[in-house]
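Remarks on the structure that follows.
In what follows, chains carry the letters A, B, and so on, assigned in the order in which the sequence lines appear, proteins first and then strands, with residues in each chain numbered from 1.
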Protein chains: 2
Amino acid sequence: MARKDGTGDVEVGADAQGDEHGGGTDDAIYAKIHAAIAAQDLPPGTRLREDEMRQIFGVSRARIRKVFARLAYAGLVTIEPNKGASVFQPTPKEAREIFAARRGIEGTIVRLLAGRIGKAELATLNRHIALEVAAEARRDWHEMVRLSGEFHLLLAEIAGNDILLRFLRELITREALVILVYEKPGQPSCSHHEHQMILEAILAGDAVRATALMEEHLGNVEERLDLDRDTRKSVDLGRLFAGR
Amino acid sequence: MARKDGTGDVEVGADAQGDEHGGGTDDAIYAKIHAAIAAQDLPPGTRLREDEMRQIFGVSRARIRKVFARLAYAGLVTIEPNKGASVFQPTPKEAREIFAARRGIEGTIVRLLAGRIGKAELATLNRHIALEVAAEARRDWHEMVRLSGEFHLLLAEIAGNDILLRFLRELITREALVILVYEKPGQPSCSHHEHQMILEAILAGDAVRATALMEEHLGNVEERLDLDRDTRKSVDLGRLFAGR
DNA sequence: ATTGATTGTTTTGTCGACAATCTTATATAC
DNA sequence: GTATATAAGATTGTCGACAAAACAATCAAT
């Protein structure tokens, strides 16, 4: 199943593998749609019509359909039978579940990692944190967000469990959508200082402290959101007209 | 599901699918292949040819292809470009990752649950454990395995996080394949007694104890396997000729 | 006898067209 | 004026056929 998960967005260790022939390979199409969603050009809830996409990318509809299936698998779009695909629009409940799941997975990862970081891996992580510091000094917010997410993926890669890594990838992309819906995007969510502290706890082999730090670190992001307001247009008419 | 006809061929769909086009909604096809894999009628590594399946189920190849994609997404089959689908055959590394991931997820679930089980849910769980006890008394091993897996799913459902539930579902089905490859199937893997102890720790709100019990419980399964022998034919020729 | 190339067969990948379904607009009755 | 029924349009679901790739077997050459 390990088709190289073509999320062109969060490629951590590797360079892009795209063969640029016309931009028609379905990995390329996937990457473009993914990027468009991440860039908020395609707001959550937007309907993605097959024929429209077919014209845009100049490929057959079957191709588009396959890409949609992959996007649905990644949790980025929702496919309803006979109604097509639309950009995933998380409910508050789903949002909370995504955060909770991510806390669980990343907690597992730091526990897997505690006291077991090699020399080369440590160097990589330190280098990454240095990049984060530099980006903050530059006030390059966009880069900060990118690096911030990449740090977590990096930890997962070093932990060496490809399944957890895949789960985390999915959760991170979906969390990005959640943030898009329930908060203004762009503001840096993770501080490099917290990353530093987590790394130190891991190096010290203090699994419980590393777990606690990671959970708090991730909890900070969730607390900044307003999950109590459902931004979707579905209205509870019964409640609305109850008092009249 | 235990029904197996003696044809050495990959006879999956037993019921008549003839002209009645309704015989093959793709959910049904998915379920049948899934069951066939779980029942070891389709051993790991078996190639699943599209046209063969098309004939068996009497549907178009596109349908089969879609089902294969879903099976690949669930981790049950592997799809290689231009080489088609085959039943997932875990390497020892993948097997270990599956176990580790499952320990992580289920640990998260019991922590989510600790001290937060409602009355109705407790009744359901107790009833389930009673079923396990009854099955053991009956020496109904097949039922024991089924109930045993169901207990874990039940916990995940009660925890109320659909994402973690989905992850766990995938891991459990894949773990079943691992057990199939690296151990004789059928022997009960979980004892109801351990389930009982885990539940008590959860009820007591003792998260760390519940986590430890769950991890040990799951570790017992892994220890029974022989993961050091790679059953696949790939041989490390470099190592083989290193000492000559 | 083994290696290498070539050809024929099998299997997967892709596409365009048709059928089924949903959505929207219009007309009609009350 | 509102609501239902009907029809037209648009969109997705499905299928069969063709093209490309991988596989297997045969044959030639060293």
Side-chain angles (χ1 to χ4, degrees), chain A residues 1-4 6 17-19 21-30 32-33 42 45-73 76-89 232-234 237 241 244, chain B residues 9-10 12-13 17-33 42 45-73 76-89 232-234 237 241:
Chain A
M1 66 121 188
R3 247 165 95 19
K4 146 181 312 206
Q17 81 286 0
D19 73 309
H21 101 62
T25 165
D26 55 355
D27 275 344
I29 298 173
Y30 180 98
K32 282 184 183 169
I33 297 179
L42 262 38
T46 306
R47 271 194 75 182
L48 303 175
R49 272 174 276 265
E50 293 177 357
D51 197 63
E52 196 174 352
M53 291 294 182
R54 182 190 69 79
Q55 285 182 321
I56 290 173
F57 291 104
V59 300
S60 90
R61 236 184 69 212
R63 209 83 149 299
I64 296 292
R65 177 177 281 264
K66 200 164 53 171
V67 172
F68 280 1
R70 276 176 62 190
L71 285 165
Y73 153 61
L76 281 164
V77 312
T78 307
I79 295 182
E80 287 174 296
N82 290 326
K83 299 190 72 180
S86 50
V87 179
F88 174 63
Q89 190 168 28
R232 305 208 287 190
K233 38 201 148 191
S234 74
L237 292 173
F241 292 106
R244 314 207 174 189
Chain B
D9 222 23
V10 275
V12 182
Q17 75 286 1
D19 310 356
E20 186 186 13
H21 99 81
T25 165
D26 54 356
D27 276 342
I29 298 174
Y30 179 96
K32 282 183 184 171
I33 297 179
L42 297 172
T46 306
R47 271 194 75 182
L48 302 174
R49 273 173 275 268
E50 294 177 355
D51 196 64
E52 195 173 355
M53 290 295 183
R54 182 190 69 78
Q55 286 182 321
I56 290 173
F57 289 105
V59 301
S60 88
R61 239 184 67 215
R63 214 84 158 290
I64 296 292
R65 178 178 282 264
K66 200 164 54 170
V67 172
F68 280 0
R70 276 176 60 189
L71 286 164
Y73 154 60
L76 281 164
V77 311
T78 306
I79 295 182
E80 285 173 296
N82 291 325
K83 299 190 70 181
S86 50
V87 179
F88 174 62
Q89 189 168 30
R232 306 207 288 190
K233 37 202 149 188
S234 74
L237 293 173
F241 293 107

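- Counting non-hydrogen atoms under 4.0 angstrom, A:I79 reaches nothing in the nucleic acid.
- Taking atom CE of A:M53 as the reference point, atom P of D:dT11 lies 13 Å away to the nearest angstrom.
- Rounded to whole angstrom, the span from the NZ atom of B:K66 across to the C1' atom of D:dC15 amounts to 12 Å.
- For C:dG13, the OP1/OP2 oxygens have a side-chain nitrogen or oxygen of B:R65 closer than 4.0 Å.
- Following rounding to the nearest Å, A:N82 (CG) and C:dC22 (P) show an atom-to-atom distance of 5 Å.
- Rounded to a whole Å, the CG atom of A:D26 is 10 Å from the P atom of C:dC15.
- Considering only side-chain N and O atoms, B:K83 lies under 4.0 angstrom from the phosphate OP1 or OP2 of D:dC23.
- Note: CZ (A:R61) to P (D:dA10) measures 15 Å, nearest angstrom.
- As rounded to whole Å, 12 Å separates atom P of C:dT11 from atom CZ of B:R54.
- Rounding to the nearest 0.5 Å gives a distance of 10.5 Å between CD1 of A:I56 and CZ of A:R49.
- In this entry the distance linking CD of A:E50 with P of D:dT14 reads 11 Å, nearest Å.
- Between the CZ atom of B:R63 and the P atom of C:dA20 there is a distance of 13 Å, given to the nearest Å.
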